[in-house]
Amino acid sequence: MSFDLVFFGGTGDLTWRKLMPALFQAFRHGKLPPDGRILAVARDDRSDESYRAFIRERFVEVESAKRPSDDEFARFAEMLHYRRMDLSRPEDYQVLKGWIDERGADVAVLYLATSPYLFPVVCEQLGAAGLNGPKVRVVLEKPLGHDLASAQQINRAVRSAFAESQAFRIDHYLGKPAVQNLMALRFGNALFEPLWRRESIANIQITLAEGLGVGTRGDYYDTTGALRDMIQNHALQLLTMIAMEPPSTSDADAIRDEKLKVLRSLRPFTEESVGRDVVRGQYRAGRVDGLPVPGYLEEDKVPRASRCETFVALRTEVRNWRWAGVPFYLRTGKRLVSRDAQIVVNFRPAPHTIFPGPNRPNRLVIKLQPEDGLELHLQAAKGSSQSESLAPVFLDLDFDKAFASERVGAYERLLLDAIAGRLNLFVRSDEQEQAWRWVEPVLDAWARDDEPPRAYTAGTWGPAAASALVARDGAAWPEEH
Ligand code: BG6
């Protein structure tokens with residue numbers, strides 16, 4: 001299959017930091033269809049050669065095992081091209097169309113790796129230039145809007161030029177192997193399904209923790225915050241995969257219909273429930289990995305009086321027969337103890353126990369990163385004495401080890417899927433809008449609230465109020481067990 005892949009924003013961070021390294025890995029693994037061209041477009045004047053050199057230099061920032069040798073890069077670079085383009089000029093789209101039509105590849109994937117405020121104008125121009133035929137796919141990178149209205153505005157512009165089946169909205173978490181494994185765990189194994197419901201499950205906790213701070217992105221982050229940056233997209237997508245009903249086929253819309261139903265079943269926030277069920281925090285100076293780090297307000301490009309949240313913990317429920325009454329806790333933050341993403345399914349305790357000592361409930365831990373695996377926590381008798389209490393043990397499954405050579409990174413997987421036209425791991429516009437609809441009352445309540453976010457020390461698990469949030473239901477976060 002032949003393809004043309006065009007990156008709008010071809011000199012931007014996303015392109016050189018994530019997309020080019022991912023494409024190179026796909027190329028190295030022999031997964032990239034061989035008959036392809038990659039075209040980067042941006043405002044500055046460059047030749048193909050100088051663009052190739054620019055990308056080559058940027059590879060020093062990639063971890064060493066993923067860097068190309070000179071010979072590998074030379075072969076990869078044969079696919080790389082560069083054109084200057086002013087995204088507001090219709091003539092420039094005609095030139096691009098000429099470049100694509102001339103060769104007539106089987107597919108043209110247009111990746112909008114630009115600032116999102118350009119999405120509407122680029123989509124309109126693409127439509128006007130006729131760069132929206134059935135062979136064309138458009139890939140959109142987050143942030144897809146800032147709130148419901150701006151997300152709808154982007155979606156209207158996308159729809160004015162493209163069919164929904166041509167729109168590939170990226171949530172890079174969906175490309176992570178561990179996240180795909182969630183589907184395998186739930187729908188490729190019958191074992192857990194009878195237990196996957198309110199009768200057996202006490203609560204579910206999704207944690208997306210980072211040790212890093214906002215780094216050089218202070219200006220972007222300060223107008224975004226943790227709720228928009230991580231909860232509205234990544235955490236909610238994970239929640240839908242945990243809570244959805246089994247789809248009837250692996251068809252993208254069969255899956256996305258079920259995910260949408262979950263989003264629609266989430267308990268809506270009210271002014272009062274935001275105060276009760278949502279905790280927001282902001283980091284202060286502390287130590288992460290033994291090293292001193294500044295507080296959020298001291299970070300580069302962050303206003304000194306900022307009220308932006310760098311931490312969110314919240315409690316919600318999925319209002320349907322399967323999940324009624326089961327708390328779902330979502331938590332994310334920057335400058336927490338370490339990078340740690342996991343989903344914990346806390347089962348109910350045994351209804352009656354004949355053993356002395358605590359009646360510890362079973363737990364299934366779905367580890368997303370840094371490791372990718374499953375832990376099933378059980379109770380066992382050590383065997384020395386009948387009257388002894390049970391000891392906690394766990395089964396540990398390490399997918400990185402089991403499938404080491406076949407693991408594919410998130411962007412690599414998503415780029416290959418976009419080229420192949422597989423929509424399963426991309427977000428549909430109605431899912432995305434429903435997620436905004438759900439978080440918006442929280443944003444509104446915070447905008448009216450005089451209280452600043454709660455301070456937490458960098459290198460901890462966030463404000464104490466996050467522990468109180470789960471303790472109210474008699475639960476505890478995994479690190480508190
Ligand atoms: C991005 C956020 O979507 O996800 C970043 O904008 C965050 O703030 C990143 O750091 C986390 O992704 P990952 O793959 O490192 O967990």
Side-chain angles (χ1 to χ4, degrees), residues 9 12-15 17-19 21-22 25 61-63 66 111-116 139-146 151 168-182 206-239 241 280-283 288-289 293 296 299-302 306 308-312 330-343 366-373 399-400 407-415 425-427 432 435-436 439 458 462:
D13 249 42
L14 177 67
T15 303
R17 213 185 274 283
K18 302 275 188 197
L19 304 176
Q25 288 308 311
E61 304 219 6
V62 171
E63 61 182 283
K66 296 191 172 166
Y111 198 123
L112 308 196
T114 61
S115 164
V139 182
L140 301 132
E141 180 61 59
K142 86 178 258 275
L144 289 165
H146 192 71
F168 290 66
R169 290 179 196 78
I170 292 222
D171 180 314
H172 79 280
Y173 265 63
L174 295 186
K176 292 185 189 265
V179 176
Q180 293 154 45
N181 246 319
L182 251 179
I206 300 178
T207 297
L208 304 179
E210 295 183 87
L212 294 176
V214 292
T216 54
R217 297 197 310 158
D219 44 355
Y220 158 76
Y221 195 84
D222 202 67
T223 55
T224 305
L227 188 72
R228 290 185 174 98
D229 193 44
M230 297 293 284
I231 299 281
Q232 186 273 343
N233 36 62
H234 310 321
L236 278 185
Q237 283 292 323
L238 293 175
L239 186 155
M241 295 177 105
R280 60 176 166 151
Q282 192 186 68
Y283 61 84
V288 176
D289 280 338
V293 296
Y296 179 69
E299 297 278 17
D300 203 20
K301 300 187 228 162
V302 169
S306 169
C308 173
E309 81 287 357
T310 60
F311 175 96
V312 176
L330 310 184
R331 170 175 73 156
T332 188
K334 301 246 180 233
R335 287 285 189 229
L336 299 183
V337 175
S338 58
R339 184 167 192 244
D340 182 12
Q342 55 169 298
I343 302 170
I366 302 165
K367 298 193 282 187
L368 307 176
Q369 59 192 27
E371 304 104 37
D372 169 6
F399 292 126
D400 284 325
R407 307 253 91 180
V408 167
Y411 274 102
E412 183 181 345
R413 170 73 199 253
L414 294 173
L415 281 163
L425 300 178
F426 295 86
V427 181
Q432 185 218 343
W436 277 119
V439 299

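Whatever order the structure lists ligands and atoms in, that order sets their numbers, starting from 1. Quick caveat: nothing in here was measured; it's all calculated off a predicted structure.
- Protein residues are said to neighbour a ligand when one of their heavy atoms lies under 4.0 Å from it; for ligand 1 these are Lys142, His172, Tyr173, Lys176, Glu210, Arg217, Asp229, Met230, His234, Lys334, Arg339, Gln369.
- In this structure, Lys142 places its NZ atom where more than 12 heavy-atom neighbours from other residues, nucleotides or ligands lie under 6.0 Å away.
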Which pairs of donor and acceptor atoms, one on a side chain in residues 207-219, lie under 3.5 Å apart (sequence neighbours left out)?
unit_1	atom_1	unit_2	atom_2	d
Thr207	OG1	Arg331	NE	3.3
Thr207	OG1	Arg331	NH2	3.2
Glu210	OE2	Lys334	NZ	2.9

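- Within 6.0 Å of atom NZ in Lys66, 12 or fewer heavy atoms from other residues, nucleotides or ligands are found, so the atom counts as exposed in its surroundings.
- Side-chain polar atoms of Asp222 and Ser306 form a donor-acceptor pair below 3.5 angstrom.
- With no hydrogens or angles considered, no side-chain donor-acceptor pair links Glu309 and Tyr296 at under 3.5 Å.
- Taking the six-membered ring for Trp and thresholds of 30 and 60 degrees, His172 and His234 have ring planes more than 60 degrees apart, a perpendicular arrangement.
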